[in-house]
Amino acid sequence: MQDFQQIKLFLAAIRRRLVLLGVVRATAYLAAAVGASWLGIALIASRLPPSATWRLLVVLAALGALAASAGLIGLPLLRLGRDEAVARVVGTAVPRLRSDLLSAVELGRELGAGGARFSAALAHSLAAAVARGVGALAPGAVAPLRPLGQPALAVGGVAVLYALCAWTAPGALG
């Protein structure tokens, strides 16, 4: 059972990294969207007279941001809740482990539940081979930080727009 445990620990580490990456990515996009929305509202409001409509618009924007954050941050948590889902992600990143890793996860669960309809010795042999394969992998190879580049550019773009607006129309931003 030690090999199955090693596979489970590896998948848990990958799950933590993928969830963290998903949350950081969603938060960055959300920050860029909220920043751009706030900037747009501030610029429009500086050109128009005060109105009760602005309060409603700001409240609706805040509620939209809250709903988006709940969805964007909760989605990685829901999607990666099972070991099979994480094994599929690992299999996509490392094709040579795709079939064996998923099989080892499924066999490990059946062995743990009892009533297995297969040879336990063969399942342990497969688990040993997969454990050696995942032991050689770094979590960064399976879940790299590269996908965080686009959200960082979005946040940076909004920051540049804010600085440009602050420089060209300082009174418009409050």
Side-chain angles (χ1 to χ4, degrees), residues 1-40 59-118 120 122-159 161:
M1 227 23 170
Q2 185 177 2
D3 293 323
F4 286 111
Q5 190 62 28
Q6 182 181 350
I7 293 169
K8 202 165 193 50
L9 290 172
F10 172 77
L11 292 175
I14 296 298
R15 178 183 295 111
R16 282 190 303 273
R17 185 172 175 97
L18 288 171
V19 167
L20 179 65
L21 288 172
V23 167
V24 169
R25 185 171 188 231
T27 303
Y29 275 132
L30 184 64
V34 168
S37 299
W38 180 83
L39 187 60
V59 168
L60 288 177
L63 289 175
L66 185 63
S69 65
L72 289 173
I73 292 173
L75 191 61
L77 296 172
L78 291 175
R79 192 177 324 141
L80 299 169
R82 296 177 47 114
D83 283 345
E84 288 86 353
V86 180
R88 285 186 184 93
V89 172
V90 173
T92 301
V94 187
R96 65 182 165 83
L97 289 177
R98 177 178 292 150
S99 177
D100 290 346
L101 178 59
L102 190 56
S103 295
V105 168
E106 291 170 348
L107 292 173
R109 185 175 46 259
E110 283 190 42
L111 275 177
R117 300 169 298 171
F118 50 84
L122 285 175
H124 286 287
S125 174
L126 175 66
V130 171
R132 282 191 303 274
V134 298
L137 290 177
V142 177
L145 297 177
R146 190 177 324 116
L148 295 180
Q150 285 182 329
L153 284 174
V155 170
V158 170
L161 281 176

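- Side-chain contact between Ile14 and Leu137: absent, with no pair of heavy atoms (C-beta onward) separated by less than 4.5 Å.
- A 6.0 Å sphere centred on CD of Glu84 holds more than 12 heavy atoms belonging to other residues, nucleotides or ligands.
- If you take CG on Leu126 and CG on Leu101, they are separated by 9.0 Å, rounding to the nearest 0.5 Å.
- Here the side chains of Asp3 and Val130 are not in contact, with every heavy-atom distance at 4.5 Å or above.
- When each of Leu80, Val23, Val142 is paired with Leu18, the side chain to side chain contact (heavy atoms under 4.5 Å, CB included) condition holds for Leu80 and for no other.
- His124 places a side-chain heavy atom less than 4.5 Å from the side chain of Phe4.
- Nearest approach of Ala87 to Leu102, heavy atoms of both residues: CB-CD1, 4.1 Å.
- A heavy-atom distance below 4.5 Å is not found between the side chains of Leu21 and Pro147.
- Between Arg25 and Pro151 the shortest heavy-atom distance is CG-CG, 3.5 Å.
- Across all their heavy atoms, Ile7 and Ala104 have their closest contact at CD1-CB, 4.0 Å.
- Shown here for Val158 and Gly35, the closest heavy-atom pair between the two residues is CG1-C, 3.8 Å.
- In terms of heavy-atom proximity, Val86 sits nearest to Leu11 at CG1-O, 3.6 Å.
- Here the closest non-hydrogen pair linking Leu111 and Ala123 is CD1-CB, 3.8 Å.
- With Asp83 as the partner, the side chain to side chain donor-acceptor pair (under 3.5 Å) test is satisfied by one option alone out of Arg109, Arg88, Arg15: Arg15.
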